[in-house]
Amino acid sequence: MKRRKFKLSHSLLGTAALIVAESLLIFTHTPVAVAEGVILAASIAGIIVTIFVATEAVEEVKGSMNMFMILSLVILEFLVFFAFQYWFLCLAQPASFPDLSLDPISLMLTSVLVFVFNPINLPATIAGRGLLLIEIIGSLGLVMFVLQNVSQFRRKSLDTE
């Protein structure tokens, strides 16, 4: 059986499809409790997909510079995805992050700061704390995966010299 070639565009389209499906579920007069569950479930799915995409990229992409670019784009995709998650949660439950402004820069900044384990907007609800925990666990998984692969590239480059 022939293995499909890795395409970053497929990952981007998949993430966009997940965001669109999630928004349709949330914004079709869904009760707040159900919307919170959808957001948290989509967040977990997003983490799983991101780590799977990173795994596929490592298996397919040759060359350390190409790998660095692909993994950087995967991390950016992860950060944008979670900026949407914060936006969705703040729209569904405004009390979840009372100090978080809903402009794109603030949402992206929150996502980046949580990714580097330094959240500045602390959640006020269980759903907010759940989303924060999900992103931190996903960040840990993604960072450990990237660091592991960077060390493998270093070993491979030393072996070829």
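Note that these values count all heavy atoms, side chains included, but never hydrogens, waters or copies made by symmetry.
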Spacing of [atom1] belonging to [X] relative to [atom2] belonging to [Y], to within rounding of 0.5 Å:
X: Ile136; Y: Phe82; atom1: CD1; atom2: CZ; result: 10.5 Å
X: Thr110; Y: Phe115; atom1: OG1; atom2: CZ; result: 15.0 Å
X: Leu140; Y: Glu135; atom1: CG; atom2: CD; result: 10.5 Å
X: Asp99; Y: Ser106; atom1: CG; atom2: OG; result: 11.0 Å
X: Ile26; Y: Glu36; atom1: CD1; atom2: CD; result: 10.0 Å
X: Leu107; Y: Leu79; atom1: CG; atom2: CG; result: 12.5 Å

Quick check on [X]: does its [atom1] atom have over 12 non-hydrogen neighbours (other residues, nucleotides or ligands) under 6.0 Å away?
X: Phe84; atom1: CZ; value: no
X: Phe52; atom1: CZ; value: no
X: Ile120; atom1: CD1; value: yes

Note, [X] side chain near [Y] side chain (heavy atom, < 4.5 Å):
X: Val49; Y: Leu18; result: no
X: Val114; Y: Tyr86; result: yes
X: Pro119; Y: Leu113; result: no
X: Gln148; Y: Val143; result: no
X: Ser43; Y: Leu131; result: yes

Quick one: do [X] and [Y] end up in the same hydrophobic cluster if we chain Ile, Leu, Val, Met, Phe, Trp and Tyr together by side-chain heavy atoms under 4.5 Å apart?
X: Leu132; Y: Ile48; result: yes
X: Leu91; Y: Val32; result: no
X: Leu102; Y: Val112; result: yes
X: Val116; Y: Leu122; result: no
X: Ile137; Y: Ile126; result: no

Donor-acceptor under 3.5 Å (Thr30 side chain, Phe27 main chain): no
Co-members of the apolar cluster containing Leu24 [side chain, <4.5 Å]: Val20
Minimum heavy-atom separation for [X] and [Y], please, with both atom names.
X: Gly141; Y: Ile51; answer: C-CD1, 4.1 Å
X: Ala127; Y: Leu40; answer: O-CD2, 3.8 Å
X: Val146; Y: Ile75; answer: CG2-CD1, 4.1 Å
X: Ile39; Y: Ala92; answer: CD1-CB, 4.2 Å
X: Phe78; Y: Ser111; answer: O-OG, 4.5 Å
X: Pro98; Y: Ala124; answer: CD-CB, 3.8 Å

Worked check of side-chain hydrogen bond (donor to acceptor under 3.5 Å, both in side chains) between Glu77 and Thr50: CA-CA 8 Å; Glu77 181 181 349; Thr50 301; 5.5 Å; no
